[in-house]
Amino acid sequence: MDKEISANGSQTARETVLELRHLTRKFGQRIAVNELDLQVYRGDVFGLLGPNGSGKTTTIRMIVNLVRPNVGEVLLFGQSLQQRHFSTSILGRVGSLIEQPTFYPFLSGQDNLLGIASFAGMSDTQVTRSRIDESLELVGLADRRKDRVQTYSLGMKQRLGIAAALLQRPDLVILDEPTNGLDPAGVFHIRQIIQHIARQGITIVVSSHLLYEVEQMCSRVAILEQGKLLVQDEVQNLLQKHRGMTVMFDDASVLEKAFSAMRVFITQQSWLQGCQVLHADPNDKGPIGEYALSIDCPSEYASRLNRLLGEQGIYAAEIRRQKLTLEDFFLRLTAQPQHMQPDQKKEGAGV
Amino acid sequence: MKSFAIQQQATVNADAGSWAHFWLLVRWHLLLIQKRKTGKVIPGCLLGVVGMPVLIIILAQLLNPVVRTGNHIAILPLLMWFTNFALFLFGSILIATMTCILVGSEYSLGTFRQMLTRGASRSQVLFSQVVALTLYILALMTSIFLLVAVLGSLTSLYIHDYSYLSPVLWRNIGLSFVTVAVRLLLFACLAFFLTTVSRSTVVGIAGAWGYLLLESIVTTILLGMSMQLGRPAIYLAAILPGNITTTLNQYVILMLFPQGSGISGTFLAGHSFDASLNWPIVLLIIGAYVVFTIGCSYVLYTRRNLDI
Ligand SMILES: Nc1ncnc2c1ncn2[C@@H]1O[C@H](COP(=O)(O)OP(=O)(O)O)[C@@H](O)[C@H]1O
Ligand SMILES: [Mg+2]
């Protein structure tokens, strides 16, 4: 395996660990995953981001061969799961945690891991035992290893699920919403564990509906909505490419004028191509009585835009350039163009 | 956090798809049965069902040995007959229930996900479960038969009943064991099939119990119609899974307990079937049932989407 490639790295020929090609899965009439194309490279911490019901779990189920795609294929380490003589042994290189972790509640954490070791083809030897200990230690469950899983809290079960995923020392770890339903301390703990795994150079795919979480943990991200891929890129690239600005006005009528003018500029000025005017709700007054218009365009355009507006007799009270968060970005991708209501904003974020 | 160096290459894994991996799965299933409540309750019930009459018979013999009164009853055949009867009647339903619980809980707990996403193939997982259940049922039956045989022999010795010395009797006990095993395994297969189709313990149990009821109703109807329909109706009734294992068992029971052929025949079967279905055909038909139930489970299990 090419180990010279850096984890946070350059675009130079990186080994593709996981590739999805035109992956489609329908349940009756509903398309859960729609022509999904993805590449995950070695060393990535890859975020699969999307609101509830966007097809994350279905995608992951297809990756681990629990669900078969209607169309398309999954390639793990270059081997297609859809090819005729595919061997399930390739799944031995993948550790996964899908939705809620599943264990035998009447067995201890340690015994559950012993079972999972035999599922993975590891017999009950000294080596296996020490691996179980290592995994339990990593997720901070060493002192509870002998307790039955039914006595574990949700966070502990979730961490045991991660320990189970790490047991066979996989090359790829897939975690489906590992922080779902946890309290802030639990979320923090899981994030720490994920970062720790990432530092070992293990490729991670983590799904989430929480944007800030993905922004904090992931190097690359794919954004899904209703089974469709909206975008796939390095987190840094996304955030750099899509900066924006907010222009403030003193008066609602000026805001309206500016909003109409901006829409005209976008169609007329070639350099503004692809930019969007996002928010212009005349009732939405800011804390100091200002009216804000957000514009999705590179922030270097601030002075040029200001001049254009000035030429139309529209004077901004303030122009604020901002770095986008992934959350803003997500909203922009999923919003209906131009007008966006505040309550929709919350829903889209799925927080 | 402790430092934790994950070496890149795993070395202790058995080759996925190998026999070593398969036996690991079988061993795990066996271990799991023993650790579960079901794995304690069901053998407990079986032991109770068999043990109560056995103990009563032994006690009665010890308190008032019939041998001495001149009315000679061989105690070991009698005990084995009761064992056979109890396992035949209650064993099948208990084993079917246990199978449904064990297989169904992998779905309700979601642990099948753990099994299927770690390199073992679906057929390995399915057959390891089948093999583990078979071994478990055989082990359970062996212990019960041995226990009764030992107790019976000791009692015989004590009351100077020398029937336990007969080699023919032991051959018949062996045959009785085989026919009961065939029945219990067939019912386990049926339960396995129903649970795999429905992915649900409850539906599996309801299906297995419902089937037993249905079969006895259908048998009564078919035999009732044999006046009009003639032999085909009888044959049809005779090859139903419950009845056909009964037929097989009857041959042995008649050998084991010839004095009570009248009682045992009607007691066990409720109906007596024509003996013109000879045992190779009977075994063949039973084999076909096993192949059908496990085969269908296999096809379903390996093809379907496991999205629950
Ligand atoms: N087994 C199933 N049967 C029918 N619909 C399903 C099934 N599994 C998922 N879906 C549907 O597919 C869509 C995607 O679901 P899912 O992959 O669970 O989304 P996410 O994990 O992103 O929340 C949802 O609309 C869901 O209702
Ligand atoms: Mg999900």
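First the proteins, then the strands, lettered A, B, ... as listed; each starts at 1.
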Using a cut-off of under 4.5 Å on heavy-atom pairs, state which of A/Ile116, A/Thr102, A/Asp124 scores highest against chain B.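 Heavy-atom pair counts peak at A/Thr102.
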
Are [X] and [Y] ion-paired here, with the side-chain N under 4.0 Å from a carboxylate O?
X: A/Arg61; Y: A/Glu99; result: yes
X: A/Arg14; Y: A/Asp44; result: yes
X: A/Glu73; Y: A/Arg68; result: no

What are the two closest heavy atoms between B/Gly91 and B/Leu184, and how far apart are they?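 For B/Gly91 and B/Leu184, the tightest heavy-atom pair comes out as C-CD2, 3.4 Å.
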
Below 4.5 Å, heavy-atom pairs only: which of B/Arg27, B/Arg122, B/Lys35 has the largest tally toward chain A?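 Winner by heavy-atom pair count: B/Arg122.
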
Check whether the side chains of B/Arg183 and B/Thr245 place a donor and an acceptor atom closer than 3.5 Å, and report yes or no.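 Checked: B/Arg183/B/Thr245 side chains pair up, N/O donor to acceptor below 3.5 Å.
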
Heavy-atom contact with chain B under 4.5 Å, split by part of [X]:
X: A/Leu167; result: neither
X: A/Phe106; result: side chain
X: A/Val94; result: backbone
X: A/Ala164; result: both

